[in-house]
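In listed order, ligands and their atoms are each counted from 1.
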Amino acid sequence: MSKRPPSLPTHAADMRMQMALRQIGFGGPAAPAPRAVAPQPPPQMSEDRLALKRRDWLLDVMEGQRALSPYASGLLTAEHLSGEDFLHNFYAPGRPVVIKGAMADWPALARWTPDYLTDAVGDAVIEYQGGRSGAGDYELAKDRHKRRGPFREFIALVRDGGNDAYLTAYNSAANGPALAPLQADLETIDAYLTRAPGMLWIGGEGAFTPLHFDLTNNLLAQVTGTKRVILIPPSQTPRLAHRTHVFSDVGDVTDAARLAVHPQARDVLRYEVLLTPGDLLFIPIGWWHQVRSESFSTMLTYTGFHWPNAGHEGYPAG
Ligand SMILES: O=C(O)CCC(=O)C(=O)O
């Protein structure tokens, strides 16, 4: 391609000639010089957008600084963790931790198979989440997916796996009397928790809770089977397309198709843990998490800590 500048249009060439003549004293009274075109400033970023970019920068810088020390970042596993140590090292700083051994004396660990649960609860009618397969928004539209039926039939639905039916914490309020026979198999975790009851989750292999954060601090107590949990610090929020309530549009950071839609989530900082029976996992308020059952699984979640846990009260839900 030619590097020569395109030739000037005639009137522009004439003007150039006139100006050159004027500079050496020819050409009569000076015509007004053509107005210089001021360079355009780059399009202004709105104040709100700039404020958000600065906040994102701050989150990145702070996460980078925490990464300097394994004492300040990462996902630790602890055993024999006293209430004081839990408060100072994890609850107050808002740092997740896996705690082993604290459920060792729970009868449920040895008992809670699908058959045992069916014998204990029988045909009592329970509420659960159903019709989830094929619905992209089953967590957001929780009410639409509420189902009721005999516990025995629910267990038959989930024991073979799949994501269609899942008894979740959201169903807890409705299930107290029906599931009461199971309470005798549980112990308390007095170092961290009041005696407020936990919320039961029962699902099959493949049950999946998409990426979200909670508006309280949560303690997960895995009883039966295994669950894979991915945890993502709050500092990563700008990469997670957080548009709806507590959910991420990414949904699943292990799904290549979702990452193709949200490429900014590919390099998100994340921790992964496989919960096995008897494990506690502390998930601090604001930490993103997604959870996949890798087998038939039962688990309880607790929010009744000895320390304040009311972050949800000020949440700008929109
Ligand atoms: O176990 C699950 O499927 C989800 C648990 C969870 O997300 C929670 O307790 O906040």
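- Aromatic ring centroids of F305 and Y192 lie 6.0 Å or more apart.
- Residue contacts with ligand 1, taken as heavy atom pairs separated by less than 4.0 Å, do not involve I283 at all.
- With hydrogens left out, the protein atom closest to atom 1 (O) of ligand 1 is K227 NZ, 2.7 Å, a heavy atom.
- Taking the six-membered ring for Trp, F213 and W287 have ring centres at least 6.0 Å apart.
- Each of the atoms 2 (C), 3 (O), 4 (C), 7 (O) of ligand 1 lies under 4.0 Å from some heavy atom of T209.
- The closest approach between a heavy atom of M199 and any atom of ligand 1 is not below 4.0 Å.
- Annotation: E272, atom CD; neighbour count of heavy atoms from other residues, nucleotides and ligands within 6.0 Å is above 12.
- Under a cut-off of 6.0 angstrom, the local environment of CD in E79 is crowded, with over 12 non-hydrogen atoms contributed by other residues, nucleotides or ligands.
- At least one cation-pi condition fails for R95 and F90: the charged atom is not both under 6.0 angstrom from the six-membered ring centre and inside a 45 degree cone around its axis.
- Two rings, from H145 and Y166, have their centers 6.0 Å or more apart.
- Taking a cut-off of under 4.0 Å to the non-hydrogen atoms of T301, the atoms of ligand 1 that pass are 9 (O).
- In this structure, F208 has no heavy atom closer than 4.0 Å to ligand 1.
- Interface atoms of ligand 1 facing N218, defined by a heavy-atom separation under 4.0 Å, are 8 (C), 9 (O), 10 (O).
- The Y166 neighbourhood of ligand 1 comprises atoms 1 (O), 2 (C), 3 (O), with distances under 4.0 Å to a heavy atom of that residue.
- For ligand 1, one of its N or O atoms has an N or O atom of H289 under 3.5 Å away.
- The protein atom (non-hydrogen) at minimum distance from atom 10 (O) of ligand 1 is D214 OD2, 2.5 Å.
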Inset, instruction - Evaluate the side chain to side chain donor-acceptor pair (under 3.5 Å) criterion for residues Y91 and N217: first the C-alpha distance (whole Å), next the side-chain angles of each, then the deciding distance (0.1 Å), finally the verdict. - result: CA-CA 8 Å; Y91 194 82; N217 295 289; 3.3 Å; yes

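- Under the 4.5 Å side-chain criterion, counting only non-hydrogen atoms from C-beta, H212 is not in contact with Q290.
- Taking a cut-off of under 4.0 Å to the non-hydrogen atoms of H212, the atoms of ligand 1 that pass are 7 (O), 10 (O).
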